[in-house]
Colleague: 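Below you will find the structure I want to go over with you.
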Amino acid sequence: MYESERDNLIDELTTQGITDVFVIKAIHDVPREKFVPEALQHQAYKNIALPIGKGQTISQPLTVAIMTQALEVKKDMKILEIGTGSGYQAAILYAMEAKVFTIERDFDLYQEAKQRFEEMGLNIACMCGDGSIGWNEFQPYDGIIVTAASPVVPNSLLKQLAIGGRLVIPVGSRITQILHIVHREDEENYSTIKIPAFQFVPLIGLNGWKEE
Ligand code: SAM
């Protein structure tokens, strides 16, 4: 279903600079319409964010592609996602054969995503809680992707990154952010590449923003 819409979206992403063939294949293969409310399914392959309830959104496909490409995902890598939302980003990582762990703070969204993973046969570990402190039990991670806007790069997440791993996180105000791609060089040293300008919903939690 939606074959021509999918192809058009892939054309748009490649035109906009997405080159990782595994990212492109995952976005082509994962049915985004299954992650959005039924009434919005006809818009699933538009390159736009869409509401998923509880004041939250499924990110724009270009944003998903940029962030996933920045993570440099390889088969069997252990990846932690913070901000499960609909579960779409986690499903993209799973399609790239990563071992995926994802945390959502909103219980209803967590339950919906968990059920979706089960129905779709996706073996993704999910938890309801504050992802701004990470998920200590399964660290270190080869990649950590935060799909909500943080005021800072949380130290807790840097510490849970494997040496050689990458943390991809939008950092800035509640309104607009710069994407930070942090590479853990060794035990002590991290290097960062920054890409402007993104707009995410806030990361609410101990190392994020306070609930308003
Ligand atoms: N990755 C999602 C997807 O593919 O649909 C989109 C994420 S949405 C832009 C951001 C999500 O982060 C929301 O569902 C929100 O409830 C969640 N969130 C915000 N703060 C969080 C926190 N501290 N821990 C876990 N999830 C959080």
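Whatever order the structure lists ligands and atoms in, that order sets their numbers, starting from 1. Just so you know, residue 1 is the first one in the sequence shown, and it goes up from there.
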Colleague: Taking N or O atoms only and a 3.5 Å limit, does Gly205 qualify as a polar contact for ligand 1?
Modeller: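 Gly205 vs ligand 1: no N/O contact under 3.5 Å.
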Colleague: Below 4.0 angstrom from a heavy atom of Gly131, which ligand 1 atoms are there? Numbered from 1 as shown, please.
Modeller: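 Counting from 1, the qualifying ligand atoms are 22 (C), 23 (N), 24 (N), 25 (C).
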Colleague: Specify whether Phe138 and Trp135 have parallel, tilted or perpendicular ring planes, treating 30° as the upper limit for parallel and 60° as the lower limit for perpendicular.
Modeller: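 It falls in the perpendicular class, over 60°.
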Colleague: Under 4.0 Å between a Lys/Arg side-chain N and an Asp/Glu carboxylate O for Glu211 and Arg105?
Modeller: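 Yes, Glu211 and Arg105 are salt-bridged.
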Colleague: Taking the six-membered ring of Tyr45, is NZ or CZ of Arg32 closer than 6.0 Å to its centre and within 45° of its axis?
Modeller: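 No; the conditions do not both hold, so Arg32 does not lie above the ring face of Tyr45.
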Colleague: Please identify which atoms of ligand 1 are closer than 4.0 Å to at least one heavy atom of Gln89.
Modeller: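 Within the 4.0 Å cut-off of Gln89, ligand 1 contributes 1 (N), 4 (O).
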Colleague: In this structure, are over 12 heavy atoms from other groups packed under 6.0 Å from Gln115 atom CD?
Modeller: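 Count not over threshold, so no.
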Colleague: Is it the side chain (CB and beyond), the backbone, both or neither of Gln56 that lies under 4.0 Å from ligand 1, heavy atoms counted?
Modeller: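 For Gln56, only side-chain atoms sit under 4.0 Å from ligand 1.
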Colleague: For atom 23 (N) of ligand 1, what's the nearest protein heavy atom and its distance?
Modeller: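 Among all protein heavy atoms, the one nearest atom 23 (N) of ligand 1 is Ile204 O, 2.7 Å.
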Colleague: Which protein non-hydrogen atom lies closest to atom 5 (O) of ligand 1, naming both residue and atom, and how far is it?
Modeller: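 Here the closest protein heavy atom is Ser86 OG, 2.6 Å.
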Colleague: Which protein non-hydrogen atom lies closest to atom 26 (N) of ligand 1, naming both residue and atom, and how far is it?
Modeller: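 For this ligand atom, the closest protein heavy atom is Arg105 N, 3.2 Å.
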Colleague: Can you find a pair of side-chain heavy atoms, one from Val171 and one from Ile178, that are under 4.5 Å apart?
Modeller: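 No, too far: nothing below the 4.5 Å cut-off.
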Colleague: Is it true that, when you exclude Asp11 itself, more than 12 heavy atoms of the residues, nucleotides or ligands shown sit nearer than 6.0 Å to its CG?
Modeller: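 Counting other residues, nucleotides and ligands, CG of Asp11 exceeds 12 neighbours.
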Colleague: Would you mind listing which atoms of ligand 1 come within a distance below 4.0 Å of any non-hydrogen atom of Leu109?
Modeller: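 Answer, ordered by atom number: 14 (O).
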Colleague: What protein heavy atom lies closest to atom 16 (O) of ligand 1? Include the residue and the distance to one decimal.
Modeller: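 I find the closest protein heavy atom is Glu104 OE2, 2.6 Å.
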Colleague: Considering only heavy atoms of Pro202, which atoms of ligand 1 have at least one such atom less than 4.0 Å away?
Modeller: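 Those atoms are 19 (C), 20 (N).
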Colleague: Going by the atom numbers of ligand 1, which of them fall below 4.0 Å from some non-hydrogen atom of Ile58?
Modeller: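 Every atom of ligand 1 under 4.0 Å from some heavy atom of Ile58: 5 (O).
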Colleague: Got a second to check how far Ile92's CD1 is from Leu71's CG, nearest 0.5 Å?
Modeller: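 Ile92 atom CD1 to Leu71 atom CG measures 12.5 Å (nearest 0.5 Å).
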Colleague: Using a 4.0 Å heavy-atom cut-off, which part of Thr84 comes near ligand 1: side chain, backbone, both, or neither?
Modeller: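 Within the 4.0 Å criterion, Thr84 contacts ligand 1 through backbone atoms alone.
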Colleague: Looking at Gly129, which atoms of ligand 1 are within less than 4.0 Å of one of its heavy atoms?
Modeller: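 Listed by number with element, the hits are 24 (N), 25 (C).
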Colleague: Closest non-hydrogen protein atom to atom 8 (S) of ligand 1, residue and atom name please, with distance?
Modeller: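 Result: Thr57 O, 3.1 Å.
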Colleague: Does this structure show an ion pair linking Glu119 with Lys34, if we count only N-O contacts that are shorter than 4.0 Å?
Modeller: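 Between Lys34 and Glu119 there is no salt bridge, as every charged N stays at least 4.0 Å from the carboxylate O atoms.
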Colleague: Could you tell me, atom by atom, which parts of ligand 1 come under 4.0 Å of a heavy atom of Tyr88?
Modeller: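 Those atoms are 4 (O).
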Colleague: Does the side chain of Asn136 come under 3.5 Å of the side chain of Gln139 through a donor N or O and an acceptor N or O?
Modeller: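 Checked: Asn136/Gln139 side chains pair up, N/O donor to acceptor below 3.5 Å.
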Colleague: Below a 4.0 angstrom heavy-atom separation, can you tell me which part of Thr147, side chain or backbone, both or neither, approaches ligand 1?
Modeller: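 Looking at Thr147 and ligand 1, atoms from backbone and side chain both fall under 4.0 Å.
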Colleague: Using a strict 4.0 Å cut-off to heavy atoms of Ser132, name the atoms of ligand 1 that fall inside it.
Modeller: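 Result: 23 (N).
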Colleague: Please report whether ligand 1 has a polar contact with Glu81, defined as an N or O pair separated by less than 3.5 Å (distance criterion only).
Modeller: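 Yes; the residue has a nitrogen or oxygen that sits under 3.5 Å from a nitrogen or oxygen of the ligand.
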Colleague: Side-chain heavy atoms under 4.5 angstrom apart, residues restricted to Ile, Leu, Val, Met, Phe, Trp, Tyr: same cluster for Ile27 and Ile52?
Modeller: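 Yes: a chain of side-chain contacts under 4.5 Å links Ile27 to Ile52.
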Colleague: Quick check: are there more than 12 heavy atoms from other residues, nucleotides or ligands sitting under 6.0 Å from CD of Glu38?
Modeller: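 It does not: Glu38 CD has 12 such atoms or fewer within range.
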